[in-house]
Amino acid sequence: MRITVGRLYRLLYTKLGPQGWWPIYDIDFKKCVYTPRKYRSNTDEEIFEISVGAVLTQNTTWKNVEKAIGNLKLSHTLSPDEIFKMNIKKLETLIRSSGYYREKAKKLKNLSRFFLENPIHKLRNKSIQELRNILLNIKGVGKETADSIILYAFQKPIFVIDTYTKRLYLRFFGDHMDYEYDELRNLFEKDLKHDWRIYSEYHALIVEVSKRYCFKNNPRCIDCILNNFCKYNLEIKLKDERELYLSKN
DNA sequence: CGCCAGGGCCTCA
DNA sequence: TGAGGCCATGGC
């Protein structure tokens, strides 16, 4: 049985369960928590916070981003108008832990200006394509960040492709390497129900399994929950068996 | 110590 | 349009 993109989702979900993305900062716990929001829309505040997180997590671990989000939240400045009018040096200090902090401070300024010029209640009604096009006009927001905002903040079905997704897809299915971003995105979307709940869980599951097992270097295939189906692992097994056979003869 | 992390922009062919 | 340099902190 050839495993498909759709079957990989069922497999991951069965093994790891729901992930509850995107995490929202909890003022009492002083950390980001995974609150189920499957059956309600995100609030305006949640939409902005998720968008800020999507920018801050560019090429950075979530742990470092969480601290930055906390600094903004605890200083009561996690809103478009507060960030827009904030002294840039102060903003840099608050988000320093997230890395590239000078660049990201500018990006958050641009993002805040965007939300001031485009009220969220209007953005909610836009089509995915409309929303994507205007988000991509923000300097500092590329395809992955735009898609993360559309999926996790606005709860609309678009599949997010990140480095984990590219790597896992390549290893698991093992076909050719050079997919364009939107090409790979379509590969996932055409095989799944166009449901933001599924897309959001699937992407989060890919990140989780990648962080646990599918490292860039020396992936832990032996322990990986996907190893019985993963082309990369099966080829390694074949190679090992072949070498063992050759060494004995 | 080196490598990597929930990328994107700019430049230069 | 594709490759390469740059941005920068923190965990392992």
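This one's a predicted model, so the numbers in the text were calculated from it and none came from an experiment. Chain naming here is simple, since letters A, B, ... match the order of the sequence lines and numbering starts at 1 in each.
Within 6.0 Å of CD1 on A:I27 lie more than 12 heavy atoms contributed by other residues, nucleotides or ligands. Heavy atoms of other residues, nucleotides or ligands lying less than 6.0 angstrom from NZ of A:K67 number 12 at most. Heavy atoms of other residues, nucleotides or ligands lying less than 6.0 angstrom from NZ of A:K38 number more than 12.
DNA chain B is contacted by no residue of residues 71-79 of chain A, taking any non-hydrogen atom closer than 4.0 Å.
Using a 4.0 Å cut-off between charged nitrogen and carboxylate oxygen, A:E201 and A:R197 do not count as a salt-bridge pair. Electrostatic pairing of A:D26 and A:K31 does not count as a salt bridge here, judged by no charged N lying under 4.0 Å from a carboxylate O.
If you take atom P in C:dA8 and the same atom in B:dC10, they sit 14 Å apart, rounded to whole Å.
The phosphate of B:dC10 (OP1 or OP2) has a side-chain N or O of A:K139 nearer than 4.0 angstrom. OP1 or OP2 of B:dG7 sits under 4.0 Å from a side-chain N or O of A:T163. Residue A:T145 places at least one side-chain N or O under 4.0 Å from the OP1 or OP2 atom of B:dG8. Between A:N64 and B:dA5 there is no side-chain polar atom (N or O) within less than 4.0 angstrom of OP1 or OP2.
Ranking B:dC4, B:dG7, C:dG10 by closeness to the A:K107 side chain, first place goes to B:dG7.
No option in A:I150, A:I158, A:L151 other than A:L151 meets the side-chain contact (heavy atoms from CB on, under 4.5 Å) test with A:W196.
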| task | Let me have a per-nucleotide readout for nucleotides 2-7 of chain C, 5' to 3', with B, S or -, counting only protein heavy atoms under 4.0 Å. | result | S----B
